[in-house]
Participant: 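Shown below is the structure under consideration.
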Amino acid sequence: MAGHTRALVPLESWAYNSPKLRASGRGVDIGLMAEALIYYEAILINVSNQPLFAELLRWFVERGLYDEFLGLVRDSTITFYDYSFATAAVLIEGSYSIWNIQDQIQAQPDTFERRFLYHREIEGVLTKTRQRYKLYDSFRRHVVEAKADDFAAAIENARADFNNPRRNAIVVQAFVNELYLFRKLGRPPEVAAEVRSKPDGTGNLITWNVSFEKLAELGGSEINFGAGTPLTAGAHCNRHLLSASREHCDLYLGSPMSSVVGDKLYETVRTPVQLGATVDQLKAEVEFPDIRQLVNDGDLSFREILTIRKKAQRFRNWLQAGADRDRNAIIAYHHEVAQEAGLIKAGRTTLRLFGIVAGGALGGAIGAAAAGPIGGAVGGAVGGGSTYLLDLAAKIREEWRPVVFGNWMEGRIKRFMDEENS
C-alpha cells in the first residue's frame with residue numbers, strides 16, 4: 001500500500017514514547033494503536049521484546065478480544081514490525097556510545113516465530129494449545145523483520161548527533177516538556193547543552209543546564225531516565241524514520257518521540273540534496289474524544305474502536321488526498337463522526353500532525369510552511385552519519401512524503417536553525 005494508507009506505530013512506552021503511561025507501570029500503549037487504526041487502513045506495530053508482546057496479547061485475551069486481534073493480523077490490517085536487534089546506549093570508558101546489538105539467531109532471516117511465538121512469556125498468556133496454534137497461523141507472513149546491518153548508517157548518524165549541542169538540547173527539551181506536562185509542574189525550563197573536547201583528546205564532554213538526576217527523580221523508577229537516554233532516543237528516532245521510508249508509510253507516534261522525529265525531518269529537507277520540500281503542520285481542536293486516553297483508561301472498548309473505524313473512512317480518505325487536503329474538512333469530519341458514533345458529549349481533543357510536502361506548500365491547507373531555505377549542511381549532514389540523511393533525502397525526493405501524527409516543537413527547532421544559518 002502507498003499514499004498514506006499505512007503507518008508505523010511503535011507501542012512500547014518508555015521515556016520517549018508515552019512516558020506517562022510508563023510511569024503507571026504499563027509497557028504497551030494500546031490506546032495509540034487504537035487511535036492509529038481510526039486514521040489508517042493498515043498499521044505496522046512494534047514492541048521491542050517478548051514480555052511486551054505478551055502484555056499486548058494479554059490485553060486482548062483478558063477482554064475476550066483475542067480472535068478479533070488475530071483477525072486484524074490475518075487480513076493485514078495489523079502487521080508486526082520486528083527490529084531483530086536491540087539499540088542501546090553503552091557506557092564505554094566514561095562516555096556513552098550507541099550500538100545495535102544482535103545475536104546469531106536474530107541475524108538469521110525469518111526467526112520471529114521461533115524467538116517470539118514459542119517464548120515462555122507468550123505461553124504464559126496463551127495457556128491453551130489451540131490459542132497458540134491460532135497465533136502461529138495468524139502471524140506467519142504478517143511480520144517484517146528488520147536486521148541490524150540495514151541500520152548501521154542510522155546509528156552512525158545518532159552518534160554524530162550526540163556531539164551536536166543543538167540536537168542534544170532539542171532531544172532533552174522534548175522529554176522535559178512532556179515530563180513537566182504530565183507531572184503538572186508548570187512551565188518547563190529551556191534546555192541548553194554544551195559539547196567540548198576532553199582534555200586528553202579521547203572524546204567529548206557534554207554539559208547541561210538541567211540536572212539529569214533531578215529529571216530522573218521527577219520521572220520515577222519506571223521511566224528510568226539517565227545520561228544515555230537521549231542518545232538512545234536519537235537512535236530510535238533514526239530507525240523509525242528509516243523503517244518508514246523503506247516501507248513507504250507514515251508514522252503514528254507518542255510524545256515526545258514525535259518532537260524528536262520532527263527535528264530530524266526538518267534537518268533532512270535542509271541537507272545538500274535539493275528536495276524542493278517543506279515541513280507543514282496542522283494543529284486544531286476538534287469535536288472528538290481523546291480516543292487514546294479513553295482506551296487506556298478502560299472507558300472505551302476495542303469493539304467500539306472498530307465501530308468508529310468503520311465510520312471514519314472519511315478521515316482516511318482525507319489523509320490519502322495528498323495536496324488536495326482541506327483543513328476545514330478534517331475538522332468537520334471529526335464532528336460528524338463523533339455525532340454518528342454517539343461520542344459528541346465525550347469531549348474535545350487536539351489533532352496534531354505534520355509532514356513533508358512537495359513543492360513548498362500543501363494547497364495552503366495545513367498551516368504555514370515551517371521550513372526555511374533548503375541547502376546548507378546541518379548537524380550530522382556532513383561527516384559521521386551523512387549516508388543516513390542522504391538516504392532519507394533520496395526517499396523524499398522519490399515521492400515519500402511522510403505524515404507524522406504527534407507534537408512537534410516547530411518554534412524552537414526553527415529558531416535553532418535560523419541561529420545556525422545567521
Side-chain angles (χ1 to χ4, degrees), residues 1-12 16-18 29 32-33 35-46 81 154 167 170-171 174-175 177-178 233-270 275 277-284 286 291-292 315-316 318-323 325 327 330 349-358 362 365-371 388-389 392-393 395-396 399-414:
M1 293 184 192
H4 308 292
T5 59
R6 300 191 305 162
L8 177 66
V9 191
L11 297 185
E12 180 180 0
Y16 276 85
N17 195 61
S18 313
D29 193 339
L32 189 69
M33 179 181 69
E35 205 169 56
L37 283 170
I38 292 174
Y39 289 97
Y40 286 93
E41 306 293 351
I43 59 174
L44 296 91
I45 62 172
N46 166 258
Y81 192 96
R167 179 66 172 166
I170 285 290
V171 172
F175 172 72
N177 288 355
E178 191 69 15
H236 278 241
C237 161
N238 285 2
R239 74 181 194 177
H240 292 335
L241 275 169
L242 192 55
S243 295
S245 72
R246 290 173 176 171
E247 292 294 324
H248 209 80
C249 69
D250 293 343
L251 297 104
Y252 206 98
L253 303 173
S255 294
M257 180 53 69
S258 56
S259 296
V260 182
V261 166
D263 177 41
K264 181 56 67 173
L265 275 177
Y266 192 90
E267 180 181 348
T268 301
V269 298
R270 296 168 65 93
L275 298 172
T278 63
V279 181
D280 283 353
Q281 73 167 355
L282 166 64
K283 179 180 178 181
V286 292
I291 297 292
R292 182 180 174 193
F315 293 180
R316 302 191 288 279
W318 182 88
L319 268 176
Q320 295 163 31
R325 296 184 191 123
R327 174 192 178 100
I330 193 61
T349 190
T350 302
L351 178 68
R352 296 181 177 91
L353 60 89
F354 58 91
I356 298 290
V357 185
L362 187 56
I366 305 186
Y388 168 77
L389 281 182
L392 281 187
K395 292 288 186 182
I396 293 170
E399 300 306 316
W400 175 56
R401 301 283 188 265
V403 167
V404 182
F405 275 78
N407 291 316
W408 180 38
M409 294 190 294
E410 174 196 3
R412 179 167 175 135
I413 292 168
K414 188 174 187 301

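Computed over heavy atoms, backbone and side chain alike; hydrogens, waters and symmetry mates excluded.
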Participant: When rounded to the nearest 0.5 angstrom, what distance separates CG in Leu44 from CG in Asp250?
Facilitator: 11.0 Å

Participant: Are the side chains of Ser259 and Ile170 in touch, meaning some heavy atoms are under 4.5 Å apart?
Facilitator: no

Participant: Run the side chain to side chain contact (heavy atoms under 4.5 Å, CB included) test against Arg352 and tell me which residues pass, sequence neighbours left out.
Facilitator: Lys283, Thr350, Asn407

Participant: Which heavy atom in Val269 sits nearest to a heavy atom in Tyr266, and how many Å separate them?
Facilitator: CG2-O, 3.3 Å

Participant: Would Asn46 and Val9 count as a side-chain contact (heavy atoms from CB on, under 4.5 Å) here? Give the steps.
Facilitator: CA-CA 6 Å; Asn46 166 258; Val9 191; over 6 Å; no

Participant: What is the minimum heavy-atom distance between Lys264 and Tyr388, and which atoms define it?
Facilitator: CD-CE2, 4.1 Å

Participant: Minimum heavy-atom separation for Tyr252 to Ala36, with atom names?
Facilitator: CG-CB, 3.8 Å

Participant: Side chains of Val403 and Tyr40: does their closest heavy-atom pair fall under 4.5 Å?
Facilitator: yes

Participant: If we only count heavy atoms from C-beta on, is the Leu241 to Thr268 side-chain gap below 4.5 Å?
Facilitator: no

Participant: Return yes if some donor-acceptor pair links the side-chain N/O of Ser245 with the main-chain N/O of Leu242 below 3.5 Å, else return no.
Facilitator: yes

Participant: For Arg316, is there an ion pair with Glu41 - N to carboxylate O distance below 4.0 angstrom?
Facilitator: yes

Participant: Please report the shortest heavy-atom distance between Val171 and Ala233, naming the atom on each side.
Facilitator: CG1-CB, 4.1 Å

Participant: Evaluate side-chain hydrogen bond (donor to acceptor under 3.5 Å, both in side chains) for Thr349 paired with Arg292, printing each intermediate quantity in order.
Facilitator: CA-CA 10 Å; Thr349 190; Arg292 182 180 174 193; over 6 Å; no

Participant: Taking the side chain as C-beta and beyond, is there a heavy-atom pair between Phe354 and Leu265 under 4.5 Å?
Facilitator: yes

Participant: Just so I know, are the side chains of Met33 and Ile43 near enough to count as touching, which here means a heavy-atom distance under 4.5 Å?
Facilitator: yes

Participant: Please check if the side chain of Tyr81 supplies one atom and the backbone of Leu8 the other of a donor-acceptor pair under 3.5 Å.
Facilitator: no

Participant: Identify, with sequence neighbours excluded, every residue that meets ring-ring contact (aromatic ring centres under 6.0 Å, His included) alongside Phe315.
Facilitator: Tyr39, Phe288, His334

Participant: Step by step, work out the side-chain contact (heavy atoms from CB on, under 4.5 Å) result for Val261 and His236.
Facilitator: CA-CA 9 Å; Val261 166; His236 278 241; over 6 Å; no

Participant: Step by step, would you call Ile330 with Arg325 a side-chain contact (heavy atoms from CB on, under 4.5 Å)?
Facilitator: CA-CA 8 Å; Ile330 193 61; Arg325 296 184 191 123; over 6 Å; no

Participant: So, for His4 and Leu319, which heavy atoms are closest and what is the spacing to 0.1 Å?
Facilitator: CD2-O, 3.5 Å

Participant: Flag the pair Glu12 / Asn17 as yes when at least one side-chain heavy-atom distance between them is below 4.5 Å, and no otherwise.
Facilitator: no

Participant: Can any side-chain N or O of Arg6 pair as donor or acceptor with the backbone N or O of Glu247 at less than 3.5 Å?
Facilitator: yes

Participant: From Ile356 CD1 over to Arg401 CZ, what is the distance, rounded to the nearest 0.5 angstrom?
Facilitator: 8.0 Å

Participant: For a quick test of reading the model, state the closest non-hydrogen atom pair linking Leu253 to Pro10 and the distance between them.
Facilitator: CD2-CD, 3.6 Å

Participant: With rounding to the nearest 0.5 angstrom, report the CH2 to CG distance, Trp408 to Leu282.
Facilitator: 12.5 Å

Participant: So Leu392 and Trp400, do their side chains get closer than 4.5 Å, heavy atoms only?
Facilitator: yes

